[in-house]
Amino acid sequence: CITTPGVCTGDNCSSATAISGTSGSVSYTTTGCTADYTSSCGGSGEDKVYYLSTAVANGQTLQWWTSSDNYDVVLYARYGSCTGTEVGCVNDPDGTTLSWTNTTGFNQNVWFFVDGYSSSNGSAILNWSIISGGCASFNVSIAYFAPTSGCNGSATANPIGGTSPYTYNWSSGATTQTAGNLCVGTY
């Protein structure tokens, strides 16, 4: 490991440290970094930026927290871009887990910020976990045949996101992915 005194890797958005995985942790120090960012809950001390390259899929929940911190840290995250929408912020998060469920309709990358409150700096461990689940959305494909032949249409629900196994509950009473013998109507 080669270190250069006075150089802080991940000090700003353009040099954010990439991290990946659906869960993990990284030890960090903000000592020697500059004060580039301020969140909605404070933090104007030395900061560090991490880019989570594993996208949070629509419907998934991201949780993040610090542990073993030895200073007054401000922890927050943004999605869409490094300067995008803030999704959670806490000052001195000892024992606090922040959580955000992606309901944007798109997969999102997230940037974590660890920032000293006021002019403080120090070290800690940043932890994160992406939790699958939530509700699925559905694309429905419809097949309908000649109306003179009676109720012979069908509809198939194709789940997007969520966690299998899926359950189906059509208004026609069907409980399978495809409902058959459908007449013209709304289901």
Side-chain angles (χ1 to χ4, degrees), residues 1-135 137 160-163:
C1 180
I2 299 172
T3 57
T4 306
V7 174
C8 176
T9 304
D11 193 24
N12 56 47
C13 289
S14 62
S15 69
T17 301
I19 54 178
S20 64
T22 56
S23 65
S25 61
V26 60
S27 297
Y28 73 87
T29 182
T30 59
T31 303
C33 297
T34 58
D36 299 304
Y37 305 100
T38 302
S39 69
S40 65
C41 64
S44 58
E46 298 174 4
D47 49 39
K48 205 160 167 98
V49 182
Y50 288 91
Y51 166 70
L52 181 59
S53 62
T54 304
V56 179
N58 189 52
Q60 289 183 324
T61 299
L62 172 66
Q63 295 181 330
W64 67 102
W65 64 98
T66 60
S67 54
S68 304
D69 63 78
N70 67 357
Y71 72 114
D72 190 0
V73 63
V74 174
L75 175 65
Y76 56 104
R78 295 180 175 150
Y79 75 85
S81 72
C82 189
T83 57
T85 304
E86 187 177 295
V87 293
C89 187
V90 64
N91 178 16
D92 203 17
D94 297 337
T96 301
T97 299
L98 293 165
S99 183
W100 169 66
T101 300
N102 180 0
T103 58
T104 66
F106 303 96
N107 295 345
Q108 297 291 343
N109 290 103
V110 173
W111 285 258
F112 296 114
F113 296 79
V114 287
D115 194 349
Y117 188 79
S118 185
S119 61
S120 64
N121 61 54
S123 59
I125 299 171
L126 170 65
N127 308 278
W128 73 92
S129 180
I130 300 173
I131 301 166
S132 293
C135 296
S137 59
I160 302 168
T163 304

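No hydrogens, no waters, no symmetry mates; every other heavy atom, side chains included, goes into these values. The residues of the chain are indexed from 1 along the displayed sequence.
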CD1 of I125 to OG of S67: how many Å apart, nearest 0.5 Å?
4.0 Å

Between the side chains of S129 and Q63, is a donor N or O closer than 3.5 angstrom to an acceptor N or O?
no

Between atom OG1 of T34 and atom CG of N12, what is the distance when rounded to the nearest 0.5 Å?
6.5 Å

Please tell me whether T54 and S20 have a donor and an acceptor in their side chains that are separated by less than 3.5 angstrom.
no

Backbone N/O of A16 and side chain of K48: donor-acceptor pair under 3.5 Å
no

Ignoring hydrogens and geometry, is there a side-chain-to-backbone donor-acceptor pair from T30 to C33 under 3.5 Å?
no

Polar side-chain atom of W128 near backbone of F112 as donor-acceptor pair, under 3.5 Å
no

R78 and E86 have their tightest heavy-atom pair at CG-CA, 3.8 Å

Nearest-0.5 Å distance that lies between atom CG in L126 and atom OH in Y28:
7.0 Å

Is there a side-chain contact between T61 and V56 in this structure, where contact means two heavy atoms from C-beta onward sitting under 4.5 Å apart?
no

Quick one: closest heavy-atom pair of N58 and T104, and the distance?
OD1-N, 3.4 Å

Side chains of D115 and S39: do they bring a donor and an acceptor to under 3.5 Å?
no

Taking the side chain as C-beta and beyond, is there a heavy-atom pair between Y50 and V26 under 4.5 Å?
yes

Nearest heavy-atom contact between C82 and F113 is O-CZ, 3.2 Å

Side-chain H-bond candidate by donor/acceptor type, T31 with T29, under 3.5 Å:
yes

Find out whether V110 and L62 are in side-chain contact, i.e. whether some heavy atom of one side chain is under 4.5 Å from a heavy atom of the other.
yes

What heavy-atom pair brings D11 and D47 nearest, and what distance separates the two atoms?
OD1-O, 3.3 Å

With Y79, the ring pair (Phe, Tyr, Trp, His ring centres under 6.0 Å) member among F106, W100, W111:
W100

W65 side, atom CH2; N127 side, atom CG - distance, nearest 0.5 Å
5.0 Å

Given the rule in the side chain to side chain contact (heavy atoms under 4.5 Å, CB included) test, do T17 and T9 qualify, once you have shown the distances and angles that lead to the verdict?
CA-CA 7 Å; T17 301; T9 304; 3.9 Å; yes

Shortest non-hydrogen contact between V74 and C89, atoms and distance:
CG1-SG, 4.1 Å

Does Y37 use its side chain to pair, donor to acceptor, with the backbone of C13 at less than 3.5 Å?
yes

Can you see which heavy atom on I130 is nearest to which on G21, and at what distance?
CD1-O, 4.2 Å

